Amino acid sequence: MVEQLQNLRLKSWLAEIADLCKPEKIYICDGSDREYDELCALLEASKTFIPLNQEKRPHSFLARSDARDVARVEERTFICSPTEKEAGPTNNWRDPIEMRAELLQLFDGCMKGRTLYVIPFSMGPLGSELAEIGIELTDSAYVAVNMRIMTRMGAAVLEQLGDGDFVKCLHSVGVPLEEGASDVAWPCNPEKTVIAHYPQHSSVWSYGSGYGGNALLGKKCFALRIASTMAQKNHWLAEHMLIVGVTNPEGEKKYFVAAFPSACGKTNMAMLEASLPGWKVECVGDDIAWMKFGDDGRLYAINPEAGFFGVAPGTSMKSNPNALRTCASNSIFTNVALTPEQDVWWEKLTPEPPATATDWLGNPWTPESARAAAHPNSRFTTPLEQCPVLDPAWNDPAGVPISGIIFGGRRSHTIPLVYQSFNWQHGVFLGASVSSETTAAMKGVVGKLRHDPFAMLPFCGYNMGDYFSHWLEMGTRSTAAKLPKIFAVNWFKKDAEGRFIWPGFGENIRVLKWIFERVDEDIEAQKSPIGYLPNLEDIDCTGLQLSKQALGDLFAIEQSDWLQEAEGMQDYLSQFGEQPPDSFHEELAQLRARLKGEESSL
Ligand code: O2Y
Ligand code: MN
């Protein structure tokens with residue numbers, strides 16, 4: 001099989017890795033249905049997969065991870081650029097040579113007794129000018145089947161690759177199987193987990209974890225950390241953004257991208273079921289956007305992924321009916337609960353919990369149990385093509401033209417429901433200012449404000465200060481009229497009683513409608529110290545139980561809160577030394593002046 005490989009770079013890299021990791025077998029994935037079924041059968045035999053009820057959830061499986069391997073591990077994720085400055089203050093940096101020495105020790109013999117799967121994958125439509133190819137070498141069949149859903153994977157990718165270059169992604173669960181030793185359902189090595197990125201070599205080495213972003217290396221490691229460095233060099237953008245097409249009742253369509261920190265409902269917005277008659281939202285992607293200017297001066301986006309790796313708890317017919325329709329079959333569920341009917345369940349899936357279930361740890365569970373049935377970071381892996389509101393252009397190699405960029409976070413106070421930046425430079429400043437309150441799904445204290453510029457804090461593969469400059473520079477590559485307009489939203493503002501003021505979910509179309517109409521300035525807006533705010537009558541509240549007072553509260557701008565916001569941003573930026581662009585200091589000074597009513601700077 002290996003002899004058949006045409007790409008000499010791949011052949012020699014595979015030989016080098018096989019020599020190091022010493023797998024028992026090497027298998028090159030062809031991406032076929034037959035292969036997927038065989039790997040699933042293998043995972044069933046090794047007890048990694050529990051088949052679900054064929055009638056209720058056809059062709060689907062449940063996996064339970066090791067309880068110590070349940071999420072991305074930011075503290076064990078490293079950028080190994082030549083200097084610490086290139087990684088910047090927001091990344092964990094390790095000297096590349098020192099790290100390589102450690103990795104060579106860790107990976108030495110790590111695949112003994114296991115199969116090394118060679119996974120050729122394309123991030124983006126095969127052959128698209130915006131797509132990139134990667135090869136993941138892994139000793140996990142669970143990773144192989146998940147990659148089959150999450151990417152375009154298999155023989156066609158090798159063909160497309162020809163003798164070209166690719167991103168090298170090496171992964172091991174870090175548990176060699178000595179002769180005669182029996183395996184566990186979820187092998188992993190949490191004490192030694194390390195996820196190392198080499199942006200200068202376009203390679204990733206991941207050891208010890210079999211879960212999500214740590215192991216499915218096409219996603220956060222390649223499509224964001226490595227791709228962001230490629231994008232900086234080659235004048236494009238690799239962003240933590242959903243992509244949607246919005247159509248108004250007149251049939252006019254515009255595409256938008258939106259960046260929200262993890263756990264802010266990106267997947268819900270990507271598949272939004274519009275509550276306003278005649279409005280339609282269609283999904284291109286829910287997590288990552290790669291964008292490049294076209295010859296016509298417009299910014300075009302592709303979704304590099306082919307599947308959803310969505311968080312299960314909280315996903316319901318109210319929050320995201322289309323996600324539930326998408327994962328109705330051909331899906332892999334990880335760390336959710338199992339019902340007596342052999343179907344899956346998680347918190348809020350149904351108004352009433354099942355009377356009994358088996359929790360994500362495999363223990364008996366009832367609604368009286370003190371612990372949640374599903375892990376807060378439990379996931380469904382499901383094909384994009386099954387999404388009932390999939391955009392017809394989702395697989396267009398040219399991408400979709402972007403009219404607006406939306407930034408958001410989870411903020412109980414201060415930030416209004418929606419506003420628009422004055423221009424590109426101000427919009428980039430808004431992107432850099434994104435911050436969000438932590439939730440129970442995250443490690444650490446709940447409700448703590450965390451700055452998360454462009455929602456890229458855990459995902460930018462180089463110095464965040466240089467990333468800000470890259471965004472500003474991108475704005476000089478087209479004319480103001482053709483650049484997407486930039487907006488900020490906040491679905492999460494609370495009233496004095498601590499209740500959400502805005503209903504969210506499908507009602508967010510009312511905000512998208514305002515954004516849609518502002519793109520071509522079909523409606524006017526008010527200039528305020530923080531940006532353009534809606535005239536309240538332009539937020540369509542037809543049929544909504546929202547008082548005039550509540551609507552006003554959603555847009556109230558408190559001078560003292562905003563001066564504090566500016567202070568917080570200045571403090572945050574100070575960590576970048578001379579790195580943040582001068583224009584950010586101008587933006588801060590102008591924001592303060594406008595808040596204080598110093599009209600000349602308006
Ligand atoms: O915990 C993980 O490995 C998954 S994290 C994730 C998965 C899908 C989409 N986004 C995220 C994220 O953390 O932003
Ligand atoms: Mn994400």
Side-chain angles (χ1 to χ4, degrees), residues 63 65-77 123 140 142-143 146-147 149-151 171 173 186 188 190 193 195 204 206 208-225 227-228 238-243 257-271 283 285-290 303-315 320 323 326-327 331-336 346 360 374-384 407-410 434 436 438-444 450 452-461:
S65 79
D66 184 295
R68 301 162 301 166
D69 188 20
V70 291
R72 288 189 292 105
V73 279
E74 288 178 20
E75 65 282 9
R76 305 290 310 151
T77 299
M123 299 310 289
S140 163
Y142 170 88
V143 166
N146 274 271
M147 286 292 285
I149 296 177
M150 293 305 298
T151 69
H171 168 255
V173 294
W186 189 277
C188 61
T193 293
I195 295 115
V204 183
S206 166
S209 165
Y211 200 88
N214 302 331
L216 312 179
L217 300 185
K219 195 171 180 59
K220 304 298 186 180
C221 296
F222 174 176
L224 289 176
R225 297 192 192 98
S228 61
E239 300 299 324
H240 190 205
M241 290 178 173
L242 64 88
I243 312 168
V257 288
F260 293 81
S262 310
C264 285
K266 270 205 351 268
T267 306
N268 296 346
M269 183 172 163
M271 301 181 195
C283 176
D286 78 326
D287 196 39
I288 299 174
W290 285 1
N303 174 7
E305 302 191 279
F308 302 108
F309 189 62
V311 73
T315 305
N320 195 342
T326 308
C327 67
S331 298
I332 299 166
F333 297 84
T334 306
N335 287 345
V336 301
W346 50 77
W360 69 277
H375 187 276
N377 192 39
S378 54
R379 299 274 165 175
F380 51 81
T381 319
T382 193
L384 209 77
F407 295 110
R410 180 182 286 272
V434 169
S436 200
T438 51
T439 68
M442 298 163 173
K443 232 165 138 179
R450 167 168 130 142
D452 190 347
F454 292 78
M456 282 289 277
L457 182 68
F459 308 123
C460 184

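Treat the numbers as computed from the prediction; the structure is a model and nothing was measured. Whatever order the structure lists ligands and atoms in, that order sets their numbers, starting from 1.
Relative to the ring axis of Phe260, Lys266 does not place its NZ or CZ within 45° and under 6.0 Å from the centre.
Distance from atom 9 (C) of ligand 1 to its nearest protein heavy atom, with residue and atom name: Asp287 OD2, 3.2 Å. Closest to atom 3 (O) of ligand 1 among all protein heavy atoms lies Gly213 N, 2.8 Å.
Within Asp287, the N, O or S atom lying nearest to the Mn ion (ligand 2) carries the name OD1.
At a heavy-atom distance under 4.0 Å, only side-chain atoms of Asn377, from C-beta outward, approach ligand 1.
Per-residue contacts place Ser262 under 4.0 angstrom from the following atoms of ligand 1 (heavy atoms of the residue considered): 12 (C), 13 (O), 14 (O). Ligand 1 places these atoms under 4.0 Å from at least one heavy atom of Gly212: 3 (O).
Scanning Arg72, His240, Arg379, Met150 for the heavy atom closest to atom 7 (C) of ligand 1 points to Arg379. Of the options His375, Lys220, Lys266, the smallest heavy-atom separation from atom 11 (C) of ligand 1 is shown by Lys220.
Distances from the Mn ion (ligand 2) show that Lys220 has an N/O/S atom below 2.8 Å.
A donor-acceptor pair under 3.5 Å links the side-chain atoms of Asn377 to the main chain of Val70, judged by distance alone. Remark: side-chain polar atoms of Ser331 are not paired, donor with acceptor, to backbone N or O of Thr382 under 3.5 angstrom. At least one donor-acceptor pair closer than 3.5 Å links the side chain of Arg379 to the backbone N or O of Phe309. A donor-acceptor contact shorter than 3.5 Å is absent between the side chain of Thr267 and the backbone of Gly310.
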Stepwise side-chain hydrogen bond (donor to acceptor under 3.5 Å, both in side chains) test for Asn214 and Ser209: CA-CA 6 Å; Asn214 302 331; Ser209 165; 2.9 Å; yes
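Between Phe459 and ligand 1 there is a heavy-atom distance shorter than 4.0 Å.
Side-chain contact annotation: Asn320 with Thr315, donor-acceptor N/O pair under 3.5 Å absent.
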